[in-house]
Amino acid sequence: MQTKLHRWTVADPGRRFDDLFNFVHDPATLLAAFDRVAGNQGARTPGVDGLTATDVEESIGAPGFLNDLRAALKDGSFRPLPVRERMIPKPGGSGKVRKLGIPTIADRVVQAALKLVLEPIFEADFKPVSYGFRPRRRAQDAIAEIHYFGTRGYRWVLDADIEACFDSIDHAALMDRVRQRVKDKRVLALVKAFLKAGVLTELGESKETLTGTPQGGILSPLLANIALSALDGHLHGPWEPGGTMATEGKRAYRRRKGQPTWRVVRYADDFVVLVHGTEADTAALREDVADVLEPLGLRLSQAKTQIVHMSDGFDFLGFRIQWKRKGGTNTWHVYTFISNRPIRSLKAKIRALTGRTSQQDLAAVLIRLTQKLSAYRPTGLSGRTRVLIG
């Protein structure tokens with residue numbers, strides 16, 4: 001089903017799908033969705049109804065639960081419940097917190113079913129410059145992209161931060177982008193219902209959700225990517241066939257005329273714009289980006305968004321990227337280091353695994369260490385790349 005949806009989308013860029021709801025409540029889709037929800041670590045965290053995946057399986061069992069859920073979807077009686085708000089500390093010991101919205105198990109299963117149906121459609125339209133929450137794409141791939149362009153003269157960087165992105169996305173603007181590919185009113189109504197489901201705060205207060213899509217929802221990363229694809233399309237458009245930066249010859253011509261070229265690299269709501277040009281060119285792109293984000297209800301953080309030269313270095317996705325001279329030579333290379341904060345976190349995890357009080361056998365410890373270290377190993381980086389874990 002997913003392969004066909006993707007193929008049909010690629011074959012017809014203007015197609016709007018009008019019969020997707022049957023795929024969403026199909027027994028096979030719901031079963032696959034439940035397996036994904038139950039297999040996720042968050043399955044042990046209850047929503048506002050207090051139920052976990054284990055509770056569901058032990059009470060009525062997965063088949064009975066899914067039959068009831070399918071019936072509610074088909075007869076139109078299904079209504080998402082508010083998400084349970086939970087504050088968790090941000091990494092790094094800053095004392096700041098971020099909000100998670102935890103849906104009920106039933107809502108998670110329906111969101112997972114929607115994602116199974118919608119993802120292959122929108123994946124056909126997503127640009128190659130986005131990496132977060134997409135199949136077969138990782139943070140290391142985004143770092144490799146930055147490294148590649150950094151070695152080819154893209155030395156000015158717009159290091160951008162979107163202020164409260166997941167909380168601020170305009171619902172109307174997001175739904176307009178979903179409608180570009182989805183015509184099925186029942187599917188559109190389901191997506192909108194999840195956006196408007198509301199929040200139950202930690203203090204027990206009920207709040208409406210007038211904007212945003214809650215972090216913690218299975219569907220939220222896909223919806224954020226759909227919204228931010230407007231930014232990808234705007235900045236990457238000149239690289240596409242017929243665009244003003246589509247070939248090396250066109251890019252060289254722009255540079256001879258004193259015009260910049262640029263490349264965006266985005267991972268969810270974190271992104272950088274690499275510029276082959278000047279600081280003034282990068283500042284102009286910052287204003288351009290702000291204009292693209294504004295109709296989506298989003299804005300750049302004035303405090304965290306910065307323009308830097310790659311020789312000064314910048315942090316992205318837990319890595320420190322810097323163009324610097326190799327010691328003892330006159331040659332310069334783009335180096336990739338692990339940032340200080342992830343190093344501290346990694347060391348703490350290693351100490352916890354290898355401490356004197358650890359009761360695990362050596363084989364288990366080595367497996368866990370390999371898993372932890374692999375998350376910090378950039379792949380696909382050419383040239384001078386150095387990863388230090390201390």
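- Counting heavy atoms of neighbouring residues, nucleotides and ligands inside a 6.0 Å radius, atom CZ of Arg36 does not exceed 12 of them.
- Rounding to the nearest 0.5 Å gives a distance of 10.5 Å between CG of Asp170 and CG of Leu210.
- Listed here is the closest heavy atom pair of Arg152 and Arg155: N-NH2, 4.4 Å.
- Looking at Val37 and Gln111, their side chains never come closer than 4.5 Å, going by heavy atoms from C-beta outward.
- When side chains are defined from C-beta on, Asp19 counts as touching Arg186, because their heavy atoms get closer than 4.5 Å.
- Within the 4.5 Å cutoff, side-chain heavy atoms of Val275 are placed close to those of Leu285.
- Heavy atoms only, all atoms of each residue included: Thr282 and Val157 are closest at CG2-C, 4.0 Å.
- Heavy-atom minimum distance, Ala142 versus Leu317: CB-CD1, 4.0 Å.
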Intermediate values then yes/no, side chain to side chain contact (heavy atoms under 4.5 Å, CB included), Ile226 and Leu174:
CA-CA 7 Å; Ile226 291 172; Leu174 172 57; 4.1 Å; yes

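- A distance of 12.0 Å separates CD1 of Ile143 from CZ of Arg320, quoted to the nearest 0.5 Å.
- Applying the ring pair (Phe, Tyr, Trp, His ring centres under 6.0 Å) test to every pair with at least one member in residues 243-300, sequence neighbours left out, gives these pairs: Tyr154-His276.
- Residues Leu118 and Val191 have side chains in contact (heavy-atom distance under 4.5 Å, counting atoms from C-beta outward).
- Cluster partners of Leu203 are absent, since no Ile, Leu, Val, Met, Phe, Trp or Tyr has side-chain heavy atoms less than 4.5 Å from it.
- When all heavy atoms of His234 and Pro238 are compared, the pair lying nearest together is O-CD, 3.7 Å.
- When side chains are defined from C-beta on, Val182 counts as touching Phe122, because their heavy atoms get closer than 4.5 Å.
- In this structure, Glu240 and Lys127 have side chains that are in contact, with non-hydrogen atoms separated by less than 4.5 Å.
- Classification of the His25-Phe21 ring pair by plane angle, with boundaries at 30° and 60°, yields perpendicular.
- For the atom pair Leu190 CG and Arg79 CZ, the distance stands at 9.5 Å (nearest 0.5 Å).
- With hydrogens and angles left out, the side-chain atoms of Arg44 and Thr54 include no donor and acceptor closer than 3.5 Å.
- Taking CD of Gln215 as the reference point, atom CD of Glu85 lies at 11.5 Å (rounded to 0.5 Å).
- Residues Lys324 and His333 have side chains not in contact (no heavy-atom distance under 4.5 Å, counting atoms from C-beta outward).
- Residues that satisfy the side-chain hydrogen bond (donor to acceptor under 3.5 Å, both in side chains) test with Gln2, not counting sequence neighbours, are absent from this structure.
- With no hydrogens or angles considered, a side-chain donor-acceptor pair links Ser229 and Arg177 at under 3.5 Å.
- Residues Arg299 and Glu294 have side chains not in contact (no heavy-atom distance under 4.5 Å, counting atoms from C-beta outward).
- Grouping Ile, Leu, Val, Met, Phe, Trp and Tyr residues whose side-chain heavy atoms lie under 4.5 Å apart, directly or via other members, places Leu200 in a hydrophobic cluster with Val48, Leu81.
- Residues in residues 191-222 take part in no ring pair (Phe, Tyr, Trp, His ring centres under 6.0 Å) pair, two or more places apart or across chains.
- Shortest non-hydrogen contact noted between Ala32 and Leu116 is CB-CD1, 4.0 Å.
- Between Leu69 and the choices Asp107, Val110, Val56, the side-chain contact (heavy atoms from CB on, under 4.5 Å) rule is met once, by Val110.
- In this view, Arg263 and Glu145 satisfy the side-chain hydrogen bond (donor to acceptor under 3.5 Å, both in side chains) rule, not counting sequence neighbours.
- A tilted orientation is assigned to the rings of Trp323 and Trp332, their planes being inclined by 30° to 60°.
- No continuous path of hydrophobic side-chain contacts links Ile162 to Leu100 [ILVMFWY only; heavy atoms under 4.5 Å].
- The CG atom of Asp159 lies 8.0 Å from the CG atom of Asp315; values are rounded to the nearest 0.5 Å.
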